[in-house]
Amino acid sequence: MKFLAARRRNPLVALGLLFAALVAVGGGYAVIANVQPAQASLVSQTQVEEGKKLYLAGCSSCHGMDAQGSANGPTLLGVGAAAVDFQVSTGRMPMAAPGAQAVAKASVYNEEQVAALAAYVASLAPGPAIPTAEDVSFEGANVAEGGVLFRTNCAQCHQAAGQGGALTQGKWAPNLMKATPTEIYEAMITGPQSMPIFSDGTLPKENKQQIIAYINNLQNASSPGGLDLGRLGPVTEGLFLWTAVFAALIGAAIWIGIKAR
Amino acid sequence: MTDITPHGSQPAKLGHSPVADVPHALRVADTDPRAAKRAERQVASMFLLSMILVVAFIVSFIMIDKDTVVYIPVFGVVGLMTIMLGLTSGLSIFLIGAGAIQWAKKLMPDVEVVQMRHEMTSPADATAEAAANYERGKDESGFARYPIIRRTLIGAMALFPIPAVFLLRDLWSGGESGIESPDEILSHTLWRENMHILVAETGQKIRPEDLPVGGLVSAVPANLAEEQERAGNQDALGKAAIILVRMEPSEIVAQQGDGWDYQGIVAYSKICTHVGCPIALYEQRTHHLLCPCHQSTFDLANAGAVVFGPAARNMPQLPITVDNEGYLVATADFAQPVGPSFWERG
């Protein structure tokens, strides 16, 4: 201590202290900053390595060797694990053929492989994480409130009963009757394909859970009137009347007009 | 003038017979008494079955629990009572009609008859009498003799509809000040300088960082709830509803005014300029806004220009910025009326 006490007025002390402070702040920040990805994903380095192999084999031809994107596919930097999980687990990626829009089909990867791909893409740049079971739990969520939010934010494309609908140039908004809570949540935070992003800033988690509760309610709704005709409202109902019922009426008119034997 | 003659006994000299000259074919029931009896039984059974179905309707109504469901192939799970009430009442009235038609077809006389049509013009003497009555009326009323009465009557009749014009002119509410014309009411909305932009339905204020690139928010002005409370209707929402979308600032090709975006966040009216459908069908990759009613498509990266469909005008843009607390606000009202075109806009 004598050594330090003797030299505390040395002009170099200020520089030394400044350096020590910078190292402490920078190092501390690096530690805190590193905690988050490690905690969020709990991914092992081997999972990332595994994901990288799968990526290079299955995805890099369109999205680029370093996920920087190419003429055939957008960059994946910053899309996050949630986007990878949504696109790959629903079979939309890899695309089977170029088209207006990627089609949902049976996934070519198993669950572990999807998780590895998601871990690899998430390791490249920060992005939305896969929602946890707690995030997508809609236990006790207000279904009526979810219906209001669905009609305000979702129904314009997915139709008021979640049956999906047409967009421009051959694109479409998919039917939601088989979508899982995780898929719905991931779609809202990542905005796949034409869909805009409904961020947590403007549509908080609680509201997203209400929307999921409403969609779940639609998925389990019965049709008290029988034939629901796709729940598309007057379009299919009108078509049914014009074809089936008019055919019956024309048949009756013909029967009335035929001369009896 | 009416001439009802059984077909076959019609005089052969008529050149234009309306009935094809085919021999009348007798039905089985006309010649075979057993067939006639069978037809009689058929008709009577339909009427009888109709009666039984009415009884079944009443029984279904009383006996079936309203919550009982039944699975019917193709139709799925439906309420048993609903389907029974529909079937019994529908079939009972159908059988009355079907029985009546079967009766007419099988048992009632089926001889073809011709009913000759009247001459369409009135007889000459009736036409002359009507003309004479008109002339006599004109002379006796003095319509031609008293020109002052004739002209004042025409004047009175011409002025009479004028009050209706005033009543029609008075149909609009007159707006807030009570003296605004309809086009003035349509030309302004609740938006004004420093009006906070709220998320529709949840009423939350919005910070720019809440909205990521590719994000979409349906939004309303902060004073909307108050105005709806005051007016007791949704008229204000019909004009003030907007959508906020965010894109990379470099993707914005043009706007309706310099610096009307805030760091790539642009605000456009939610009301289609064609016939006023509310639209939020936004494709984040093309920046196109599609109206599902008639497929009008607007490019929000290019000043809301119409790229497809019947809309005639760009989607109106709302100029926005942030206030000193960092929340998004409007900097003015829309510069042009929102929604469909109207008479005064041409």
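In what follows, chains are A, B, ... by sequence order, proteins preceding strands, each numbered from 1.
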query: Going from CG on A:Leu203 to CG on B:Leu216, what distance comes out if it is rounded to the nearest 0.5 angstrom?
result: 10.5 Å

field: Spacing of A:Glu145 atom CD and B:Glu201 atom CD [to the nearest 0.5 Å]
entry: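 Taking CD in A:Glu145 and CD in B:Glu201, the distance rounds to 7.5 Å.
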
So with a 6.0 Å cut-off around [atom1] of [X], is the heavy-atom count from everything else above 12?
| X | atom1 | result |
| --- | --- | --- |
| B:Ile93 | CD1 | no |
| B:Lys66 | NZ | no |
| A:Glu206 | CD | no |
| B:Lys37 | NZ | no |
| B:Arg38 | CZ | no |
| A:Trp172 | CH2 | yes |
| A:Gln219 | CD | yes |

query: Taking every heavy-atom pair that is under 4.5 Å apart, which of B:Gly97, B:Ala39, B:Gly215 has the most such pairs with chain A?
result: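 Top option by heavy-atom pairs under 4.5 Å: B:Gly215.
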
task: Among B:Arg285, B:Lys105, B:Arg27, single out the residue with the greatest number of heavy-atom pairs under 4.5 Å to chain A.
output: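 Most heavy-atom pairs within the cutoff with chain A belong to B:Lys105.
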
At their closest point, which heavy atom of [X] faces which heavy atom of [Y], and how far apart are they?
| X | Y | answer |
| --- | --- | --- |
| A:Thr152 | B:Lys270 | O-NZ, 4.0 Å |
| B:Leu290 | A:Ala166 | CD2-O, 4.2 Å |
| A:Ile197 | B:Pro212 | CG2-CG, 3.6 Å |

message: B:Leu244 vs A:Thr202, test: side chain to side chain contact (heavy atoms under 4.5 Å, CB included). Steps then yes/no.
response: CA-CA 11 Å; B:Leu244 287 177; A:Thr202 54; over 6 Å; no

task: Test side chain to side chain contact (heavy atoms under 4.5 Å, CB included) on A:Trp255 and B:Gln102 and set out the steps.
output: CA-CA 10 Å; A:Trp255 174 63; B:Gln102 186 76 344; 3.7 Å; yes

Please flag which part of [X] lies under 4.5 Å from any non-hydrogen atom of chain B: side chain, backbone, both or neither.
| X | value |
| --- | --- |
| A:Gln193 | both |
| A:Ile256 | both |
| A:Ala252 | neither |
| A:Asn207 | side chain |

message: Please determine whether side chain to side chain contact (heavy atoms under 4.5 Å, CB included) holds for the pair A:Phe198 and B:Val217, giving the CA-CA distance in whole Å, both sets of side-chain angles, and the decisive distance to 0.1 Å.
response: CA-CA 7 Å; A:Phe198 295 88; B:Val217 177; over 6 Å; no

Which atoms of [X] approach chain A - backbone, side chain, both or neither, heavy atom under 4.5 Å:
| X | result |
| --- | --- |
| B:Ile206 | side chain |
| B:Ala98 | both |
| B:Val199 | side chain |
| B:Thr297 | side chain |
| B:Val245 | neither |

Residue pair A:Lys171 / B:Thr286, side-chain heavy-atom distance below 4.5 Å: yes

task: Answer yes or no: is there a side-chain heavy-atom contact under 4.5 Å between B:Gln204 and A:Pro204?
output: yes

field: Exercise: do A:Ser194 and B:Gln284 side chains pair donor with acceptor under 3.5 Å
entry: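 No.
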
message: Donor-acceptor pair, distance only, cut-off 3.5 Å: does the side chain of A:Gln156 make one with the backbone of B:Ala280?
response: yes

task: Kindly determine whether B:Phe308 and A:Thr168 satisfy side chain to side chain contact (heavy atoms under 4.5 Å, CB included), including the steps that lead there.
output: CA-CA 10 Å; B:Phe308 183 79; A:Thr168 63; over 6 Å; no

